[in-house]
Amino acid sequence: MRPLQTLWGYYIRMTIKWPGLAALIPFIPLIALWSFVVWLELFPRVFLPGPGDVLIKAWELLYKGILLDYLGDSVVRLSVGAAAGMALAIPLGIFIGLNSRAHEVSWPILLFFQAIGDIAWLPILLIWFGFGLTTMTFVIVYTVLFPVVLNTVLGIRSVNPELRRAAQSLGASRPRILFEVTLPGALPNIITGLRNGLGYGWRALIAAEIIVGTSGIGFLMFDARRAGSVEEIVVGMIVLGILWYIVDSWILAPIERATGQRWGLVSS
Amino acid sequence: MAADQTTIFRPAPSRVRQALRFLWPLFGLVVVWQVLVMALDVNPRVFPDVPTVLSAGWKTIIDGTLLTHVGASLLRVSVGTVLAIVTAVPLGIAMGVSRGISTFLTPPLRFFSVLAGIAWIPIATLWFGYGFGAITFVIFNAVFFVVTYNTLLGVSTIPMPLRHAAASLGAGHWQMLTQVLLPGALPNIVTGIRTGMGFAWRGLIAAEMIATNTGLGYMLFLARDFYRTEVIVFAMIVIGIIWLLLDRLLLAPLERATVERWGMVQRS
Amino acid sequence: MKSLVLEHLAKTYFDPYRGTQVEAIKDLSLTVEEGDFVAVVGPSGCGKTTVLNMIAGFVPKTGGRILVDDREVSGPGPDRGVVFQSFALFPWKTVRENVAFGPKMRGVGKVERARIADEYLEMAGLSHAADRYPNELSGGMQQRVGVVRALANNPDVLLMDEPFASVDAQTRMTLQEELTRIWEERRPTVVFITHDVGEAVFLANKVVVLARGNLLAEVDISLPRPRVWDSLVHDNDFKDLSNQVLQLVRSA
Amino acid sequence: MKSLVLEHLAKTYFDPYRGTQVEAIKDLSLTVEEGDFVAVVGPSGCGKTTVLNMIAGFVPKTGGRILVDDREVSGPGPDRGVVFQSFALFPWKTVRENVAFGPKMRGVGKVERARIADEYLEMAGLSHAADRYPNELSGGMQQRVGVVRALANNPDVLLMDEPFASVDAQTRMTLQEELTRIWEERRPTVVFITHDVGEAVFLANKVVVLARGNLLAEVDISLPRPRVWDSLVHDNDFKDLSNQVLQLVRSA
Amino acid sequence: NAQDDDLIPLNAGMVSGIDQLGLPIALEQGFFEKHGLDVHIANPYATGVDSLNALQSGEVDTVQVGVPMIGAVVRGMDLVALGNYSGNAAQLGSDTTMALAAAEGSGIDGDDLSTLKGKRVAASFGTINHLYVLALIEAGGLEVSDVNLVNTPPPDMTVALLADGIDAFVGWDPWPIMAQTDVPGAYEVVRGGNYISYVGFNVAMRDWVEENGETIEKYLAALSEADQWMRANPEDAAQVATRWIPGLDIEVAKEAMGYNIQQADRRLSANNYAALHAAVDTLHRLGFIDDTFDVNEHINSTHIVKVMEEQPELFSDLPAIPEEAMITDGYHFEP
Ligand SMILES: Nc1ncnc2c1ncn2[C@@H]1O[C@H](COP(=O)(O)OP(=O)(O)OP(=O)(O)O)[C@@H](O)[C@H]1O
Ligand SMILES: Nc1ncnc2c1ncn2[C@@H]1O[C@H](COP(=O)(O)OP(=O)(O)OP(=O)(O)O)[C@@H](O)[C@H]1O
Ligand SMILES: [Mg+2]
Ligand SMILES: [Mg+2]
């Protein structure tokens, strides 16, 4: 116990000194474990490639230019889908959160559709919209929608009503109250909703690209898989993970720090 | 002069009326669906009308297959979801309480949160076995991250003085957890579970592509392979209804009896 | 400015979960003249905040009428400024932004509203904290921000719920004198809730005593103005009035 | 019970976003004897709550030492009961459950802790509200719940932050007398923050005046006990001491 | 020979699989241009169903699809089969590209298929390997309910075998081949064996077929030439396969190609009508589809027959179609 504790204390101090390291260190044991399992040959290499194999494959894909091309395609699809999803989900969440009639009408419908996966929709969507960006966007929007709406509604409903009253009696109109009071108050929840929604939107994209895809990271992963190679899957997972890591830690987390945490709504 | 602004207290609506109020938007949806299909004269292969779906559904009810499928799916979803909740809630709380744990776990959490269940299937099969193990993992993976993030948010929005008060009244770690952190984070945990369980059903459909000959996802895929769109739509409806029931019977009452009653969120 | 009339006002809180009810205000009639200063005192839980919330338009009444300048109250509005018992500062705005909120809503320009805010913050002794966020303030500082936020909006009716409860004796006197000055200058109609009987008598033209949801007594305070603490503490009329009100509260 | 020693205590708040810092407590040394009753007064924002929070173990100090019974404070504990300026009631517990929280933590049985809670609620005049949730209470009622919640846990050290600020004059006097009674009975060490100078003098053995993060003065209050308002209001020693403290606060 | 701008544009779709390779080979080897077509191949679809969805949505003019066509036709999609991408016109019974692979110690014996009883066997439901396993079960003298069939996408079959989630699987190449190299102890129980007749057609919507007869003939001719090239150069064809199917190992590709060319026969004969009819019949009997259809309505052999007549050299290396299976204009299949 003791040495572990010292080690832990050392780690904490180090992360405070070099926050950048905090992002890398936790992966070291993971990669070590992975290498170890591969080294033990518990599973045949073809089914569980080692870090080295994956790196080589990644380099190969990068070298051929496929990786970047496909990554570009996926990112475009995701951005379109995420932008459309947010543009739809946040206002919808606000509307439902503010208006109890809208809540009453839409809640059952929302919950009903929430459980019906995008994969179930795909065959029907394909017939409606074809194999293009529209279908992809639809699938992503569909996935982003629910976590963002649910969290936004919660956020709005948990804003202290006294703050809204204060704004009203200081002369704020309804739209002003929305922007000056309700939205900032709901922001921590909205961000968590986005974190969940976009994260899962990313997953939906992969699922969609397997079927709809003609390019993209999901396509890359499963195109190879159809011929029996697992390496591309792992490469794809790592690329996706890193990409999302960047989005979260460079966009969402800073917003979070500058708002909810700074205002003391959320303890850091 | 404005009409009398006085509001008279209305007694809480009866259960039947509540249920009706909840159901009418769904009835509306069914009507819209039927009218659209008839008005646009949609090919049943593209989207079937209401009677076709009902009769297809009726057939599966009579021959008992529906019950088998629903039973199998419910079992898988419950196991995966329960596992995810019992791991995610403590993890979210630990991260919300301890800065060290959160710095250590945030990067891997971020990294893994976008990795879709289907991408895991080949690897999950290796580790957890084909069939139940892999399916459970995919569902777990769908629920885990949302619940973790929402719990984390819930814990960090508990006002510090409440935690202080409990500590100075002698609450130990366990009591702090059960008496303060859990109830305080409850609004967000419920929303997390609500979002997560929605994703669990989606994950299930993806997972039941593999290694099964029962389950709603299996039913859906088989129908897809033989272009039985009405069975696809029926399976989707069944999934939606089951989820609605779960939400109505488990989550909504929990919410009403706790966070709404405590005045932590406004009543809907 | 505006007059304020309460006619047979009543408020019952329902608990839909337990099916119980609390009669917070039973039958309250009260007239406050235009530009008058009324202090409300009464035991904790007697319904003071409830009345204020109804005048402000925050909670629906369950009986009677509320007229502001002969028009029935239908919701909150900037004509009635409110100082909240729980401060209700916007956590996402700095102290200056909180105070400048009202002028901003009226469309006052950026520079001008910063000037207004700074003037009031100066008055409340908070200039040094203008750029902090509310969670970085002490309790009394937060309360003072809440007070000047309402004042800065220059409302016709000013509804104040124990605005100086968390403020130290010295600052409190300053604020009381400032409030008197502002009131004499602009003559808003003020309803001022307090637990400090001396404060009530010092500030008001009339002290209203509430008890268990009913009006117990109205005491006219005819002390000459301008009132300053240094002279009033030794004033016998002041002492007598204070004692009279205190006895009323005790009997409530 | 326990003694309390502050040695060169200091606290600076950092604002990591702006890179600024606020020196809330500069250098504070103070000794509170076992079973003593100390009142702390001082202008709003002078650091009273900060000191209390450090003694309670809620916020880390940035310098000096805090000893409770010769042991350095490392975190919150049930030996030090706290009444919060912002009440800090658990919204998810009824009034009775809030008050019974401390006994519950100690493992007191269900029936016994309900009895304890009801006894204290009776004392605070809140018996009728025992089954309500905090959001259904008035401000003063919430504050009283916060007070009796701390008392019911029977701590060795009682840290109270303006516990009677939102309570009406009458209830306040009752509570002050109750507090005196409890203190005389059990003799906890009390640190009591207030803005009401009369209250400080009435309750305490020693009044500590803080000013801008420093100790300005300590005034010993040697009024005889038991103290009751009815006799003390006309007592000249009481008046003199009150005036002395008031002058100190004003000069702060 | 034709000028670039005279080329007739055509959008074709495929599923990535070794047996579908005739299409990309025709493109790579320039056979389409040679026959006056400008063919664009959409990126390979995941499954036959997806390729049919693409066809329905107008993304492509023609696709290569097998069993999924049956479900679609039953549900009213007006599809017409024009030629084989994989199958055999010369004989009834062709399934060399499929095999049953089993795990070590599973006890399944190729000489005695009744050993399948009680085993967990994976197949991709609704595809040709589903039909194949059903035939194997029948051949073993068993009922369908005697075997525990589970639905599994082909890529997951080998890992399922390794993880001991199944005892055996049926699949098309390269999966049975890969199982033997990747899964220790796995063995091939049965390879082909003419238990069923392969169904794998060049398919298009009827409207389109009616208007593009000439194009179809050019298309089929080019594909037939590609098949011929593939039969003559299996090693090179395997190379092409690794380019079109990323991740495919060259050795596996070579072995799979060896089996594939035995079925690379674009011609249609009565045998192919019978194959489709048998497939429809089986699926209907087992309740997977509600209805049957007349195969004569959904196979249009006119165009391939014309190619066979006008360019016999494209098929000269194939075994001749027996007299009784030959089809002429106005042919009508009678079960
Ligand atoms: N979290 C914080 N971050 C930054 N500054 C703070 C924080 N909390 C308090 N301060 C500052 O520290 C100083 C002392 O605050 P404290 O709350 O101790 O005052 P106080 O004496 O309790 O005042 P009051 O009587 O108004 O409650 C104030 O200037 C305040 O602005
Ligand atoms: N939301 C509510 N639901 C139920 N009862 C309530 C609610 N708000 C207040 N009450 C009850 O109404 C009564 C009057 O409350 P109110 O807040 O008006 O008192 P007050 O006079 O302002 O007291 P204080 O001086 O303590 O602030 C109290 O008994 C209180 O418990
Ligand atoms: Mg009040
Ligand atoms: Mg304080």
Side-chain angles (χ1 to χ4, degrees), chain C residues 13 15 17-18 20 22 24 41-50 84-87 124-126 128-129 131-133 136-144 161-162 164-175 193-198 200 210 242-243 245-252, chain D residues 13 15 17-18 20 22 24 41-50 84-87 124-126 128-129 131-133 136-144 161-162 164-175 193-198 200 210 233 242 245-252:
Chain C
Y13 289 104
D15 183 334
Y17 306 101
R18 228 177 358 226
T20 56
V22 178
V41 296
S44 167
C46 70
K48 302 182 294 295
T49 302
T50 303
F84 292 79
Q85 191 168 9
S86 56
F87 318 154
L126 287 170
H128 65 288
D131 290 316
R132 294 199 210 158
Y133 283 93
E136 299 169 321
L137 302 184
S138 79
M141 291 160 82
Q142 292 182 25
Q143 186 162 49
R144 283 179 276 157
D161 198 351
E162 306 186 28
F164 305 143
S166 312
V167 176
D168 63 288
Q170 176 58 25
T171 316
R172 187 171 195 152
M173 289 181 194
T174 320
L175 288 174
I193 298 179
T194 178
H195 283 312
D196 184 334
V197 170
L210 287 194
S242 298
N243 265 328
V245 174
L246 191 61
Q247 291 314 320
L248 280 167
V249 175
R250 288 195 170 193
S251 72
Chain D
Y13 288 105
D15 183 335
Y17 304 101
R18 232 176 353 225
T20 55
V22 178
V41 297
S44 167
C46 71
K48 302 181 294 298
T49 302
T50 303
F84 293 80
Q85 192 166 11
S86 56
F87 318 154
L126 286 169
H128 64 289
D131 290 317
R132 294 200 209 157
Y133 283 93
E136 300 169 320
L137 301 185
S138 79
M141 291 161 83
Q142 291 183 23
Q143 187 163 48
R144 283 178 277 156
D161 198 351
E162 307 185 27
F164 304 143
S166 311
V167 175
D168 62 289
Q170 176 58 24
T171 316
R172 187 172 196 152
M173 288 180 193
T174 321
L175 287 174
I193 299 179
T194 180
H195 284 311
D196 184 333
V197 170
L210 288 194
V233 267
S242 299
V245 174
L246 192 60
Q247 291 315 320
L248 281 167
V249 175
R250 289 195 170 193
S251 73

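Residue numbers begin at 1 in each chain, while the letters A, B, ... track the order of the sequences. Heavy atoms only: backbone and side chains are in, while hydrogens, waters and symmetry mates are out.
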Notebook entry, point to check: Got a sec, which residues hit side-chain contact (heavy atoms from CB on, under 4.5 Å) with Ala129(C), two or more places apart in sequence or on another chain?
Noted result: Arg132(C), Leu137(C), Met141(C)

Check: Among all residues two or more places apart in sequence or in another chain, which pass the ring-ring contact (aromatic ring centres under 6.0 Å, His included) test with Phe164(C)?
Finding: Phe192(C)

Check: Can you tell me how far the CG atom of Asp196(D) sits from the NE2 atom of His195(C), to the nearest 0.5 Å?
Finding: 13.0 Å

Next item on the list: Against chain C, label Asp161(D) side chain, backbone, both or neither, depending on which of its atoms sit under 4.5 Å from a heavy atom there.
Entry: neither

Check: Top residue by heavy-atom pair count (under 4.5 Å) with chain D, among Val197(C), Asp168(C), Leu246(C), Val249(C)?
Finding: Asp168(C)

Next item on the list: Specify which of Ala24(C), Pro43(C), Gly139(C) makes the most heavy-atom pairs with chain D at under 4.5 Å.
Entry: Pro43(C)

Note to self: Looking at every non-hydrogen atom in both residues, tell me the closest pair between Gln85(D) and Ser166(C) and how far apart they are.
What the structure shows: NE2-CB, 4.3 Å

Next item on the list: Can you tell which part of Thr49(C) gets under 4.5 Å to a heavy atom of chain D, answering side chain, backbone, both or neither?
Entry: neither

Checklist line | Heavy-atom proximity to chain D below 4.5 Å, by part of Leu126(C) | finding: neither

Next item on the list: Apply the side-chain contact (heavy atoms from CB on, under 4.5 Å) test between Ser44(D) and each candidate in Gln170(C), Arg144(C), Arg172(C); give the one that qualifies.
Entry: Arg144(C)

Notebook entry, point to check: What option among Val22(C), Thr50(C), Thr171(C) has the most heavy-atom pairs under 4.5 Å with chain D?
Noted result: Val22(C)

Note to self: Quick check on Val41(C) against chain D: is it the side chain, the backbone, both or neither that has a heavy atom closer than 4.5 Å?
What the structure shows: neither

Checklist line | Residue part contacting chain D, namely of Glu136(C), when any heavy atom lies under 4.5 Å | finding: side chain

